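Take a look at the structure below.
Values in this document were obtained by computation on a predicted structure and should not be read as measured data. Throughout, numbering of the chain's residues begins at 1 and tracks the sequence.
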Amino acid sequence: MTAHVVVENAQSGRSECWCCGVIDDPAKLVHLGNHPEVTVCTRCAHSISKWAGEIEDQSRTGIAVRARDVFRRLRETVVERGWHRSRLIGRPLRWLGKHTP
């Protein structure tokens with residue numbers, strides 16, 4: 001005789017981001033094509049997209065590549081100095097960060 005055991009998730013209907021660990025509704029997470037069990041929150045998906053663009057730019061040259069590198073260095077400077085948390089300029093900097101490479 002074979003016994004079938006069903007293991008239910010303690011938080012049924014919830015999934016975890018494989019990158020940062022945030023737990024959310026599976027409909028609000030990005031599922032990878034050939035691996036639907038892999039879910040990533042939208043914040044991490046945006047970051048992964050930026051990292052992929054940076055890797056692609058390593059093998060390229062040109063004005064656009066140099067401009068994107070300048071934006072990346074500026075973003076690093078803003079984060080290092082904590083300007084993105086400023087009450088005065090934080091919100092515009094975070095908005096700008098979402099819309100730049």
Side-chain angles (χ1 to χ4, degrees):
M1 179 173 203
T2 305
H4 296 283
V5 178
V6 177
V7 178
E8 291 194 26
N9 189 355
Q11 298 175 344
S12 61
R14 308 299 267 175
S15 291
E16 183 176 355
C17 174
W18 278 40
C19 185
C20 69
V22 70
I23 297 174
D24 204 352
D25 179 21
K28 295 182 179 179
L29 298 173
V30 177
H31 299 267
L32 300 186
N34 289 334
H35 297 279
E37 72 278 6
V38 177
T39 57
V40 182
C41 68
T42 54
R43 189 178 76 183
C44 291
H46 286 295
S47 296
I48 291 169
S49 174
K50 288 181 186 282
W51 298 336
E54 189 173 345
I55 291 170
E56 287 177 341
D57 279 350
Q58 290 175 353
S59 62
R60 296 179 180 166
T61 59
I63 295 171
V65 173
R66 288 193 299 263
R68 287 190 295 267
D69 285 339
V70 168
F71 277 115
R72 290 182 188 115
R73 283 194 300 273
L74 285 172
R75 180 180 291 116
E76 288 175 13
T77 303
V78 165
V79 172
E80 284 174 3
R81 296 182 181 184
W83 293 344
H84 63 295
R85 293 190 180 116
S86 167
R87 296 184 89 183
L88 183 62
I89 61 169
R91 183 175 291 211
L93 287 175
R94 288 189 302 270
W95 180 87
L96 187 61
K98 288 181 182 180
H99 297 89
T100 55

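- Clustering of Ile, Leu, Val, Met, Phe, Trp and Tyr by side-chain heavy atoms under 4.5 Å joins Leu74 with Val70.
- Atom-to-atom distance recorded for Leu96:CG and Phe71:CZ is 7.0 Å, nearest 0.5 angstrom.
- Partners of Arg75 under the salt bridge (charged side-chain N to carboxylate O under 4.0 Å, His left out) rule, at least two apart in sequence or in another chain, do not exist in this structure.
- Residues passing the salt bridge (charged side-chain N to carboxylate O under 4.0 Å, His left out) test with Asp69, sequence neighbours excluded: Arg72.
- Rounded to the nearest 0.5 Å, atoms CD1 (Ile23) and SG (Cys17) are 10.5 Å apart.
- With sequence neighbours left out, Trp95 forms a ring-ring contact (aromatic ring centres under 6.0 Å, His included) with His99.
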Which atom pairs, donor and acceptor, lie under 3.5 Å between side-chain atoms of residues 41-50 and protein residues at least two apart or in another chain?
{"unit_1": "Ser47", "atom_1": "OG", "unit_2": "Arg43", "atom_2": "O", "d": "3.3"}
{"unit_1": "Lys50", "atom_1": "NZ", "unit_2": "Gly97", "atom_2": "O", "d": "2.9"}
{"unit_1": "Lys50", "atom_1": "NZ", "unit_2": "Thr100", "atom_2": "O", "d": "2.4"}

Quick one: side chains of residues 59-67, donor-acceptor pairs under 3.5 Å with protein atoms, not counting sequence neighbours, listed by atom name and distance.
{"unit_1": "Ser59", "atom_1": "OG", "unit_2": "Glu56", "atom_2": "O", "d": "3.2"}

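- Under the 4.5 Å side-chain criterion, counting only non-hydrogen atoms from C-beta, Glu16 is not in contact with Val22.
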Can you give the donor-acceptor pairs under 3.5 Å from side chains of residues 76-89 to other protein atoms, not counting sequence neighbours?
{"unit_1": "Thr77", "atom_1": "OG1", "unit_2": "Arg73", "atom_2": "O", "d": "3.0"}
{"unit_1": "Ser86", "atom_1": "OG", "unit_2": "Leu88", "atom_2": "N", "d": "3.2"}
{"unit_1": "Ser86", "atom_1": "OG", "unit_2": "Ile89", "atom_2": "N", "d": "3.4"}

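- Of the candidates Leu32, Val30, Leu29, Leu32 is the only one forming a side chain to side chain contact (heavy atoms under 4.5 Å, CB included) with Val38.
- Applying the side-chain hydrogen bond (donor to acceptor under 3.5 Å, both in side chains) test to every pair with at least one member in residues 29-39, sequence neighbours left out, gives these pairs: His35-Glu37.
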